[in-house]
**Student:** 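Below is the structure I would like to discuss, written out as structure tokens.
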Amino acid sequence: MKYDDQNIFAKILRGEIPCKKIYEDEFVLSFHDINPQKKVHALVIPKGKYVDLDDFCQNASPKEMTGLLKGINIVAKKLGISVDGGKGYRALSNIGEDGGQEVSHLHFHLFGGEKIGKMVQ
Ligand code: AMP
């Protein structure tokens, strides 16, 4: 699938739509999900234009890959849900139609602050 510059996260990255920012660096932007499913529900997105995790794995540079993974850990620590400072969390990325992906810019959901429950419902 071709990357759509008009997707909502692309607009957030360009500053055209506001977000409740948690963290930002060279590689990632993180913000609170607008419709939280758990006590803590954050999103971590790469700054590069990647549709989904498959696209990212095939086309991102090693630096971008490291940056995204490190970003997830930094955000989890910041939110107090990492295993270092909290009780753990779930990182999840929906990929494509069967994965239930709604926004076509790669994102990881971080769920925490309470028991997350069944892995798949
Ligand atoms: P997915 O189904 O994995 O593509 O998840 C998309 C997520 O983006 C959903 O959890 C939405 O609630 C969230 N979302 C959509 N628009 C916004 C927005 N403007 N700010 C923050 N989160 C959003």
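Order of listing sets the numbers, starting from 1, for every ligand and every atom in it. Please read these numbers as outputs of a predicted model, since none were measured by experiment.
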**Student:** Taking C-beta and beyond as the side chain, do Leu43 and Val103 meet within less than 4.5 Å on heavy atoms?
**Tutor:** no
**Student:** Should the pair His41 and His109 be assigned to parallel (<30°), tilted (30 to 60°) or perpendicular (>60°) ring geometry?
**Tutor:**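 His41 and His109: tilted rings.
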**Student:** Quick one: ligand 1 N/O to protein N/O pairs below 3.5 Å?
**Tutor:**
residue: ligand 1; atom: 2 (O); partner: Gly100; partner atom: O; Å: 3.2
residue: ligand 1; atom: 2 (O); partner: Glu102; partner atom: N; Å: 3.3
residue: ligand 1; atom: 3 (O); partner: Asn94; partner atom: ND2; Å: 2.8
residue: ligand 1; atom: 3 (O); partner: His107; partner atom: NE2; Å: 2.8
residue: ligand 1; atom: 3 (O); partner: His109; partner atom: NE2; Å: 2.8
residue: ligand 1; atom: 4 (O); partner: Glu102; partner atom: N; Å: 2.6
residue: ligand 1; atom: 4 (O); partner: Val103; partner atom: N; Å: 2.9
residue: ligand 1; atom: 4 (O); partner: His107; partner atom: NE2; Å: 2.9
residue: ligand 1; atom: 5 (O); partner: His107; partner atom: NE2; Å: 3.2
residue: ligand 1; atom: 5 (O); partner: His109; partner atom: NE2; Å: 3.3
residue: ligand 1; atom: 10 (O); partner: Asp33; partner atom: OD1; Å: 3.3
residue: ligand 1; atom: 10 (O); partner: Asp33; partner atom: OD2; Å: 2.6
residue: ligand 1; atom: 12 (O); partner: Asp33; partner atom: OD1; Å: 2.6
residue: ligand 1; atom: 22 (N); partner: Ile34; partner atom: N; Å: 3.1

**Student:** Just list the side-chain donor-acceptor pairs under 3.5 Å for residues 18-25, sequence neighbours left out, or say none.
**Tutor:**
residue: Lys21; atom: NZ; partner: Glu24; partner atom: OE1; Å: 2.5
residue: Tyr23; atom: OH; partner: Asp25; partner atom: OD2; Å: 2.7
residue: Glu24; atom: OE2; partner: Lys47; partner atom: NZ; Å: 2.7
residue: Asp25; atom: OD1; partner: Phe27; partner atom: N; Å: 2.8
residue: Asp25; atom: OD1; partner: Val28; partner atom: N; Å: 2.9

**Student:** Is there side-chain contact between Tyr50 and Asp52, with heavy atoms separated by less than 4.5 Å?
**Tutor:** no
**Student:** Asp5 pairs by side chain to side chain donor-acceptor pair (under 3.5 Å) with which of His105, Lys49, Lys11?
**Tutor:**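 It is Lys49, the one option of His105, Lys49, Lys11 that forms the side chain to side chain donor-acceptor pair (under 3.5 Å) with Asp5.
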**Student:** With a 4.5 Å limit on heavy-atom distance, are the side chains of Ile8 and Ile17 in contact?
**Tutor:**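 Touching, per the 4.5 Å side-chain cut-off.
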